[in-house]
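Notes follow the structure.
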Protein chains: 2
Amino acid sequence: MTAIIIDGKARGLALRTTVAAGVAEFAAAHGRAPGLSVVLVGQDPASAVYVRMKGVATREAGMVSAEHILPAETSEPELLALIAALNADPTVDGILVQLPLPRHIDTDRVLAAVDPAKDVDGFHPINVGKLSAGLDALVPCTPAGCLLLILEALGDISGKEALVIGRSNIVGKPMAALLLAKSATVTIAHSRTRDLAAHVARAEIVVAAVGVAGLVKGEWIRPGACVIDVGTNRVTGADGKARLVGDIEFEPARARAGWITPVPGGVGPMTIAGLLANTLQAAKARVS
Amino acid sequence: MTAIIIDGKARGLALRTTVAAGVAEFAAAHGRAPGLSVVLVGQDPASAVYVRMKGVATREAGMVSAEHILPAETSEPELLALIAALNADPTVDGILVQLPLPRHIDTDRVLAAVDPAKDVDGFHPINVGKLSAGLDALVPCTPAGCLLLILEALGDISGKEALVIGRSNIVGKPMAALLLAKSATVTIAHSRTRDLAAHVARAEIVVAAVGVAGLVKGEWIRPGACVIDVGTNRVTGADGKARLVGDIEFEPARARAGWITPVPGGVGPMTIAGLLANTLQAAKARVS
């Protein structure tokens, strides 16, 4: 068996097209486009790239994008004051605080200061809790995108054996909550897990989100499994060139899996598309 | 091997004694005892028993107990008004709304109306989210009690294979979050899970919370496992007498397990003790 390679780029583009149509409808009905404000503190190069990409994608979808780029020495009260202003601004539907924040700022406090109705990253504790409890919530973009890919591959996943590798608040835990809500039997593995190979071997769905290149060996994969690789690791090849690889050994996994996401071009494009979808969802909820 | 039978009654009593000492300290420091208000809507006999037991235990621990017994036909706005009054009352540290509520009342809306700082059941979405995210939170009493029993039996559970059977918001999901926070590898099984026997067979920790008498067969248990039975099912024996049994076949499980909770006398007493502990915790946090 050779896996179907899931084209996240095409799927993300399709989602962005759907969102753009929704944005046009929203603008026609309410006389304004949905607005997303992205806040970046400091100069982290990767973060700056992400923020720029998000801004471009937001405008391409027809939404209003505002990027607030603050110096690295911004104080926590200054940042909280900006968030309070964005919370109060009726033209702002979504607020995204780019992580990581500088160390002198309490990330949990900042995330909890975002109006939950504008929390398009789904990181506010109340959105985390609603997701867990099965209530309507803004859901973190990456696991939401992974779920879309899984459902498109497999259809109904009720009763399927799902393995989430990684227990971050950004991917692993919300991914587990989403799979559980779709009635999969969910196992959460992480750095302390002893026999990861055995867990992978029985999983019909594998989502890897740890950030360790090639952690999951291809030979572990259960034949026919749906394999989603959230890892994005920069490695230097034998030729001395840097390239991106996932947490899963791609070629040997592809030889066994039923479906697999490549890195890059798999989960990545779904994350930004998910952010746009969340912003539209937040805008609609705010006017309803 | 014959399992050690975990004495939840003795363990619950010990916890209550610790709480009572904390209550005395609190009262000496702040000139008043912590206060717990329990709200019951309607006449459900089991709920009435629970509310009465909670009131007795609260007073025994030296705290102030108030029981608000409302008629079954109480409207949602009336109930919300009572909760608002309790939220505003500085002498009330904990608010517990006894579930289930009558059908004409939106349970989610009521639970979300309780001040999260007084939410001693840990059911408010913000406490659910904080638990998931690893932040300080008021944690649901039953899974918190189960975790205490597990840790006392096993010590460090990092890397251990844990199975939670049941995915309720009250037990299963918070139990999984607590075990994950202690670095167990956690699987959540439920009614759609296909091969429950295989999951039980590899679990070093089993928590069953589904409410189906004898669902978990004793022969499935992994030798030496720590087995926690949250189920409380009323069955009629061959002699025509009603008795309480758990979700796990007790005798055959006991023959294989390393530790096991009986029903009754296992998890049950930990739940009320946990409620008292949460009320004291809430009181301390409110004055700090």
Side-chain angles (χ1 to χ4, degrees), chain A residues 106-109 111-112 116 119 122-138 140 156-170 172-174 176-177 179-196 198-199 201-204, chain B residues 106-109 111-112 116 119 122-138 140 156-170 172-174 176-177 179-196 198-199 201-204:
Chain A
D106 181 337
T107 300
D108 290 330
R109 191 174 300 150
L111 295 180
D119 169 39
F123 293 162
H124 191 288
I126 209 162
N127 280 317
V128 176
K130 284 181 170 178
L131 170 59
S132 170
L135 303 171
D136 279 342
L138 286 162
D156 182 11
I157 61 169
S158 169
K160 289 213 182 286
E161 295 286 336
L163 174 68
V164 177
I165 310 173
R167 52 173 163 166
S168 72
N169 293 331
I170 296 173
K173 287 176 191 170
L179 291 166
L180 187 62
K182 292 289 179 191
S183 296
T185 300
V186 180
T187 298
I188 309 170
H190 45 78
S191 57
R192 305 297 183 85
T193 294
R194 282 184 310 226
D195 193 355
L196 184 60
H199 284 289
R202 62 176 180 75
E204 299 169 278
Chain B
D106 181 337
T107 300
D108 291 328
R109 189 172 301 149
L111 294 180
D119 170 39
F123 293 163
H124 190 288
I126 210 161
N127 280 317
V128 176
K130 284 180 168 178
L131 171 59
S132 170
L135 304 171
D136 279 341
L138 287 162
D156 182 11
I157 62 169
S158 170
K160 289 215 182 286
E161 297 284 337
L163 175 67
V164 177
I165 311 173
R167 52 172 163 166
S168 72
N169 293 331
I170 295 173
K173 288 175 189 169
L179 292 166
L180 187 62
K182 293 289 179 190
S183 296
T185 299
V186 180
T187 298
I188 309 168
H190 45 78
S191 58
R192 304 297 183 86
T193 294
R194 282 185 308 227
D195 194 354
L196 184 59
H199 284 288
R202 62 176 181 74
E204 298 168 279

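Scope of the values below: all heavy atoms of this structure, side chains included, with no hydrogens, waters or symmetry mates.
Chosen from A:Asn127, A:Val128, A:Val164, the residue pairing most often with chain B at heavy-atom distances under 4.5 Å is A:Val128. Note on B:Ser191, B:Ala189, B:Ala184: by heavy-atom pairs under 4.5 Å with chain A, the leading option is B:Ala184. Across A:Ile188, A:Leu131, A:Leu163, the residue that shares the most heavy-atom pairs under 4.5 angstrom with chain B is A:Ile188.
Taking both residues in full, the closest heavy atoms of B:Ser132 and A:Asn169 are given as O-OD1, 3.7 Å, listed atom of the first, atom of the second, then distance. Shortest non-hydrogen contact noted between A:Lys173 and B:Gly134 is NZ-N, 4.3 Å. Considering every non-hydrogen atom in both B:His199 and A:Thr185, the closest pair reads NE2-CG2, 3.7 Å. The two residues A:Ser183 and B:His190 make their nearest non-hydrogen contact at O-CE1, 3.2 Å.
Looking at B:Leu180, both its backbone and its side chain come within 4.5 Å of chain A, counting heavy atoms on both sides.
Enclosure of atom CG in A:Asp136 is not indicated, since only 12 or fewer non-hydrogen atoms of other residues, nucleotides or ligands lie within 6.0 angstrom. Dense packing is recorded around CG of A:Asp195, with more than 12 heavy atoms of other residues, nucleotides or ligands lying under 6.0 Å away. With a 6.0 Å radius and a threshold of 12 heavy atoms from other residues, nucleotides or ligands, A:Lys130 has its NZ atom at or below the threshold. The number of heavy atoms from other shown groups lying within 6.0 Å of CZ (A:Arg194) is above 12.
Checking side-chain atoms of B:His124 against main-chain N and O of A:Ile126 turns up no donor-acceptor pair under 3.5 Å.
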